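Heads up: numbering here begins at 1 and tracks the sequence. Fair warning: this is a prediction, and the values are worked out from it, not measured in the lab.
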Amino acid sequence: MTSGSTPVPGRFLPAAAAAREPIERWVPALLVALVLAWAWPMVALDVTPPWDNVEELFWSGSLQWGYYKHPPLPSWLLSLPLALFGRQPWLTYVAGVGCGVGALYLLWRWSREMMTPARAAFALLLGTLVTYHVQRAVVYNHNTVQLLPLAGYWWMLWRVLRPAGSGRADWVWLGLFAALSVLTKYSAAVQFAVGLGFVVRQGLWRDARVRRDLLLATGLALLLLSPHLWWVLQHGDTTVAYARHSVHAVHGPGGGHLLPRPLRVLLVQLARLSPMLLFVGWAWIAQRREAAAGPTAPMPAAFDRRFLAWATLGPTALVLAASVLLHSRLVPAWLTTFFLPAGVWVAAALPWLDAERWSRRRWSAMLAVAALLHVTAAWACAWVDGVGSTRLGHVTRANLPTQRIADAVEATWRAHRGERPLRLLVGDTWFAGAIALRMDPGVRLLIDGDERTSPWLAPGTLAREGGMVLMLDTPAFRSEGPPLQPLMQTVDCGGAIELPWAGEGPERSVRMRWGIVLPDDERAAPDIACGRGP
């Protein structure tokens, strides 16, 4: 039992009240149901996968110590299900939401050490309503995957720093979760900086035990990271350059908008927290209407509330300040992991919250409304992005007619190459990758025509085997890989394809160029090899 921790609820609540507490054994099953509730609509409505999902489906086919943009952990996690089930988009939806839900499970386990089961259950419920943790987790990318190890990082850091001391293995888990966070995305450094700031601000560095555990955790993390750090030293021209480009300075505070970018980013975060905040407001109004007399459960310890406040507010405050001072680029989605402890902090900090005395009827209503919100939002988001946008004539990445394009590409290939199988597509990750997902599993992808971005291909594969280059020319979705345009100028035969996307006109149609690159041993007679000869 930690210092200032809440006693077992049954010791200070009447037996009837204790019996009304949430049934904890149902938590894992409800979280699994949450994964299915968000993943299934994407599959059922056949939504074209987001860019990042497509990217990971190809990266995961080749285990590396790093990739040209990011560390390797998300690709490693997807590699086993990919080997079992093939390149299936549904794997990315399940894995993405699974990481968000897994993070919520760790947060729930953590909150159980700080507060009563009822308050912890309310914290978990609030966490599911933070848009990043479930709704946006269908996008399987490094931000989403990082939710899981960072939830463990904050939990173990609290264990190491708490006044009651830590267990023998807490520093081991802290080092492990820290290393996994870095292996997911380097932005973990922001949250490490906030954790260090809390240690300094609270004067915890004076405690020899804390210093020892933090040094041991840091040493373990560096040991686990050493193979990737060695890889970075060898490939820094791509990874470091990408990170530097991502946060390059921008000109002017507003970029043509009425509000400065940091303020706009902050407003986006408030919007994505709004379902949780509205739920808190509803709980407050309902509790005032049904106020009941009786003993009140003690609040979580002051140390716990301070730690949660730093963990919840610190990362956002730090990046917003850095963006203002350095005029650096800031994208709302980069803050995906910054609100992990938000639900726990709110549940811990509300003095009026008396969840221990809520009736079964109140809990049933809360759970029913939350379930309705999730199911309705999941189907609405998938429908609006895909079918709905198509019917309204809006072109989106989610409603790209990939099967129709894949059929046209294969027909074009057969018309020029006969029965020779198409084994290599060259193009940008999203467009060419989404098309390849509709083709034979043996079709590989050469991203942007640059071998450095496709380590699963042996050097010189395009020259030896040939392939097909695809470039999307539809405005707002044009293929932008720098090597693609020069490569298209050297193809042995080429042409254009136009297909309906979401209406008529160049801005609502799939307008694409294609080109066939012949193997070196066939380039002597390209007209015959491309099917144009006698």
Between [X] (side chain only) and [Y] (backbone N and O only), is there a donor and an acceptor less than 3.5 Å apart?
| X | Y | value |
| --- | --- | --- |
| His133 | Thr128 | no |
| Glu498 | Arg511 | no |
| Ser323 | Leu330 | no |
| Arg513 | Asp473 | no |
| Thr92 | Pro89 | yes |
| Ser111 | Val344 | no |
| Arg211 | Arg206 | yes |
| Trp310 | Arg305 | no |
| Ser479 | Leu472 | yes |
| Ser226 | Leu223 | yes |

(request) Determine, stepwise, if the pair Trp90 / Met42 fulfils side-chain contact (heavy atoms from CB on, under 4.5 Å). (result) CA-CA 8 Å; Trp90 66 266; Met42 299 288 289; over 6 Å; no
Are side-chain heavy atoms of [X] and [Y] found at a separation under 4.5 Å?
| X | Y | answer |
| --- | --- | --- |
| Trp231 | Pro72 | no |
| Pro315 | Leu335 | no |
| Pro332 | Arg272 | yes |
| Leu214 | Leu174 | yes |
| Glu56 | Tyr67 | no |
| Pro401 | Leu499 | no |
| Trp65 | Trp230 | no |
| Val232 | Tyr186 | yes |

Would you confirm whether the ring centroid of [Y] sits within less than 6.0 angstrom of the ring centroid of [X]?
| X | Y | result |
| --- | --- | --- |
| Phe338 | Tyr132 | no |
| Trp108 | Trp155 | no |
| Phe431 | Phe477 | no |
| Trp59 | Tyr68 | yes |
| Phe303 | Phe198 | yes |
| Phe177 | Trp154 | no |
| Trp282 | Phe279 | yes |

Tell me the closest heavy-atom pair linking [X] and [Y], and the distance in Å.
| X | Y | answer |
| --- | --- | --- |
| Phe122 | Ala347 | CD2-CB, 4.3 Å |
| Pro275 | Ala271 | CD-O, 3.8 Å |
| Val47 | Ala382 | CG2-O, 3.6 Å |
| Tyr140 | Pro74 | OH-O, 2.7 Å |
| Pro71 | His142 | O-CE1, 2.9 Å |
| Asp170 | Arg159 | OD1-NH1, 3.2 Å |

(request) I would like to know whether Arg329 and Trp334 meet side-chain contact (heavy atoms from CB on, under 4.5 Å); could you show each step before the answer? (result) CA-CA 10 Å; Arg329 183 183 180 214; Trp334 291 353; 4.1 Å; yes
(request) Please indicate whether Arg209 has more than 12 foreign heavy atoms, meaning atoms of other residues, nucleotides or ligands, lying under 6.0 Å from its CZ. (result)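 Result for CZ/Arg209: enclosed.
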(message) Can you confirm whether more than 12 heavy atoms, excluding those of Arg109, are under 6.0 Å from its CZ atom?
(response)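 Open: at most 12 neighbouring heavy atoms sit under 6.0 Å from CZ of Arg109.
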(request) Kindly write out the residues that satisfy side chain to side chain donor-acceptor pair (under 3.5 Å) with Asn399, not counting sequence neighbours, or none if the list is empty. (result)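 Partners of Asn399 under the side chain to side chain donor-acceptor pair (under 3.5 Å) test: Thr390, Thr396, Trp501.
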(message) Restricting to side chain to side chain donor-acceptor pair (under 3.5 Å), what partner residues turn up for Thr402, sequence neighbours left out?
(response)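 Thr402 satisfies side chain to side chain donor-acceptor pair (under 3.5 Å) with Arg438 only.
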(message) Walk me through whether Leu224 and Leu183 qualify under side-chain contact (heavy atoms from CB on, under 4.5 Å).
(response) CA-CA 9 Å; Leu224 296 174; Leu183 283 174; 5.9 Å; no
Separation between [atom1] of [X] and [atom2] of [Y], rounded to the nearest 0.5 Å:
| X | Y | atom1 | atom2 | value |
| --- | --- | --- | --- | --- |
| Leu216 | Leu220 | CG | CG | 9.0 Å |
| Met276 | Leu126 | CE | CG | 6.0 Å |
| Leu462 | Leu425 | CG | CG | 11.0 Å |
| Asp213 | Leu157 | CG | CG | 10.5 Å |
| Leu104 | Leu148 | CG | CG | 10.0 Å |
| His374 | Leu129 | NE2 | CG | 5.0 Å |

(request) Please assess Thr131 against Phe339 for the test side-chain contact (heavy atoms from CB on, under 4.5 Å), listing each intermediate value before the final yes or no. (result) CA-CA 10 Å; Thr131 305; Phe339 304 101; over 6 Å; no
(request) Please determine which of Asp448, Leu446, Ile447 meets the side chain to side chain contact (heavy atoms under 4.5 Å, CB included) test together with Val426. (result)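 Between Val426 and the candidates, side chain to side chain contact (heavy atoms under 4.5 Å, CB included) is satisfied uniquely by Leu446.
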(message) Below 30° counts as parallel, above 60° as perpendicular, anything between as tilted: where do the rings of Trp430 and Trp51 land?
(response)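 Judged by the thresholds at 30° and 60°, the geometry between Trp430 and Trp51 is parallel.
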